[in-house]
Novice: 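Before anything else, here's the structure in question.
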Protein chains: 2
Amino acid sequence: MVTMADAQILVVDDEPDILSVLVYHLSREGYRVTTAVNGQGALTTADAERPDLIILDLMLPGMDGYEVLQRLKRADRTNSIPVILLTARREEEERVKGFEVGADDYITKPFSARELTLRVEALLRRAKAEPVSVSRRIAVGPVELDREAHRAFSEGAEVDLTPLEYRLLEVLLERRGRVQSRRQLLQAVWDTNAAIETRTVDMHVARLRTKLGGAAPLIETVRGIGYRFRALDK
Amino acid sequence: MVTMADAQILVVDDEPDILSVLVYHLSREGYRVTTAVNGQGALTTADAERPDLIILDLMLPGMDGYEVLQRLKRADRTNSIPVILLTARREEEERVKGFEVGADDYITKPFSARELTLRVEALLRRAKAEPVSVSRRIAVGPVELDREAHRAFSEGAEVDLTPLEYRLLEVLLERRGRVQSRRQLLQAVWDTNAAIETRTVDMHVARLRTKLGGAAPLIETVRGIGYRFRALDK
DNA sequence: GGAACCTGTGACAAACTCGTGACGCTTCCT
DNA sequence: AGGAAGCGTCACGAGTTTGTCACAGGTTCC
């Protein structure tokens, strides 16, 4: 079993038993491990230590695990730290909610050491393979974004976008090829806990579509799920 | 609380009091319970009865609990029976040692009935759904699923699926090679206790078959039982 | 102060999804 | 062979989801 060299992992759990088991397994694999026992500590530590990966128990005293996750993901939009959720609940609902808020993977209790290390490795590998280049220019198919000038182009011609539209397009481009639920988009574009109807997203997607023009719909609808920008490059 | 249908559990403990408490609770939950009072008996019974789960007290006369565990795990390495350790000792050292030898979970005495059944259920559930590979991409034969993009392919070509069809395919692929009863599929795809006719499953399987195309039926009918996705990979 | 613009929301139609009854075919049993 | 049970498929309507319009506050910029 290959360990990712020298990665640092933050483990957040309030149950001493589970915490120690996690620490034990991860340490044995050669990872540097930091711990936190509540949401507040998790956020502080994540900010201070910038770990390479966070393992987060959903059930925490005080701050809800989801909220911790949300704040983690919101803190640094461009390059957030991958998070593995730890949950006793298997229900689809939980899983969906977790992914929607931005989890990268999850593990159900009880878990085996093998399962744990496999997922940790997979995520670290992925994070490493995706050096987050916050490039000044991003182009997908006929659409182009100049982030420095804050301008958008479609088939060479400049498109006049409102701030919100620009931001929505930016998010969709960054995550091209991947479905984004309405809730995910709300979180990414509207930042806040936005007390906004998810239907509003539809509206802005429609406006974007119109402004971008083109025959083929660049922003695809994934019925029942959300939207996805066509991945034509590469 | 849902009990895993008809699972058999082997309880190993030399203290009559604890043994009877365990048997009482487990039986009440609907499990078939077998017992053993020492290491040798545990190994023999485990081999003969192939229970779905073993609850093992660490302190046994004669053979040490760890040794029993080690032998159990060595016996059938590929698909060993999950083991819950029972220990009076709270020390980290014990716990660590247990996991190292291959325990799947553990319970510290004294324990509540609730704690017991929760862990038992969780482990049985996990064993049942074992290949929980939450990989981004899953491919079986000519069929491929890109979960990040939420797209399905058959023989390279994208297949347009409804949300329900997508989910059904996902479940079938995850459990490829294993027959899934209509009720199992309903539970997995339609979430909870949906009040839906089991015949509806047939309908969606048929739709899926049509959309996936191909000469050989990828989704096989197991008469009187349910359906199974052909396991062609590996 | 006014005009132009941005943005969230309700409303409604269109498109799509999905459960169900019906019916005929196949398989199994006696 | 006859009958029963299991299964595949069709068609349809109720329900849900999405695209779009219109509009009202709010904001920005002259």
Side-chain angles (χ1 to χ4, degrees), chain A residues 96 100 150-152 158-172 179-229, chain B residues 150-152 158-172 179-229:
Chain A
V96 165
E100 217 161 41
H150 211 267
R151 303 211 285 181
E158 177 160 9
V159 180
D160 190 34
L161 297 180
T162 70
L164 200 146
E165 284 161 0
Y166 179 89
R167 199 139 157 49
L168 175 58
L169 178 58
E170 189 178 17
V171 168
L172 285 171
V179 197
Q180 297 298 116
S181 70
R182 290 174 176 74
R183 203 165 300 286
Q184 276 177 305
L185 289 174
L186 272 181
Q187 202 183 310
V189 176
W190 279 256
D191 271 335
T192 52
N193 268 347
I196 289 178
E197 297 293 318
T198 53
R199 281 309 312 278
T200 298
V201 175
D202 298 16
M203 190 65 246
H204 290 284
V205 166
R207 283 170 179 159
L208 249 187
R209 277 177 174 156
T210 309
K211 286 196 179 181
L212 291 179
L218 293 165
I219 303 172
E220 300 169 316
T221 303
V222 182
R223 196 160 231 277
I225 308 287
Y227 297 96
R228 172 183 61 204
F229 200 98
Chain B
H150 209 270
R151 292 166 160 224
E158 176 160 11
V159 180
D160 190 34
L161 299 180
T162 70
L164 199 145
E165 285 160 0
Y166 179 92
R167 191 139 167 55
L168 175 59
L169 178 59
E170 190 178 18
V171 169
L172 286 171
V179 190
Q180 295 298 114
S181 72
R182 289 175 176 72
R183 199 154 295 287
Q184 276 177 305
L185 289 174
L186 274 179
Q187 205 163 339
V189 176
W190 280 255
D191 278 332
T192 46
N193 29 19
I196 288 177
E197 296 292 319
T198 53
R199 280 309 310 279
T200 298
V201 176
D202 299 15
M203 187 66 246
H204 289 284
V205 167
R207 284 174 179 157
L208 208 45
R209 276 175 174 155
T210 309
K211 287 195 178 179
L212 291 180
L218 293 165
I219 302 171
E220 300 170 317
T221 303
V222 181
R223 200 184 159 78
I225 310 289
Y227 298 95
R228 171 180 56 200
F229 200 98

Novice: Looking at K211(B) and V159(B), would you say the former's side chain and the latter's main chain have a donor-acceptor pair under 3.5 Å?
Specialist: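 Not at all, since once roles are kept as given, no pair shorter than 3.5 Å links the two residues.
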
Novice: Minimum heavy-atom separation for W190(A) and L185(A), please, with both atom names.
Specialist: CE3-O, 3.8 Å

Novice: Specify the residue among E165(A) and R207(B) whose closest nucleotide of DNA chain C lies further upstream toward the 5′ end.
Specialist: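 Closest to the 5' end, via its nearest nucleotide, is E165(A).
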
Novice: Take the protein atom NZ of K211(A) and the nucleotide atom C1' of dT20(D), then report the distance between them rounded to whole Å.
Specialist: 16 Å

Novice: For every nucleotide of nucleotides 3-10 of chain D, 5' to 3': is a protein heavy atom under 4.0 Å from its base (B), only from its sugar-phosphate (S), or from neither (-)?
Specialist: --BSBBBB

Novice: Does either side chain, that of T221(B) or that of R209(B), offer a donor lying less than 3.5 Å from an acceptor on the other one?
Specialist: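 Checked: T221(B)/R209(B) side chains pair up, N/O donor to acceptor below 3.5 Å.
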
Novice: Could you list where the contact with chain B starts and ends along DNA chain C, reading 5' to 3', using a 4.0 Å heavy-atom cut-off?
Specialist: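 Extent of the interface on DNA chain C: dT17(C) to dC28(C).
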
Novice: List the steps and the verdict of side chain to side chain contact (heavy atoms under 4.5 Å, CB included) for Y227(B) and E220(B).
Specialist: CA-CA 6 Å; Y227(B) 298 95; E220(B) 300 170 317; over 6 Å; no

Novice: Run through V201(A), L168(A), L172(A) and flag the one making a side chain to side chain contact (heavy atoms under 4.5 Å, CB included) with V189(A).
Specialist: L168(A)

Novice: Using rotation axes that map the C1' atoms of four end pairs onto the next four (five pairs an end), what angle separates the end axes of the helix from dG1(C)-dC30(D) to dT30(C)-dA1(D), to 10°?
Specialist: 30°

Novice: Check for a donor-acceptor pair, side chain of R207(A) on one end and backbone N or O of L161(A) on the other, with a separation under 3.5 Å.
Specialist: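 Answer holds: no.
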
Novice: Classify the nucleic acid contact of T200(B) as base, sugar-phosphate or nothing, counting any heavy atom under 4.0 Å across all strands shown.
Specialist: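 Base, at least one base atom sits under 4.0 Å.
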
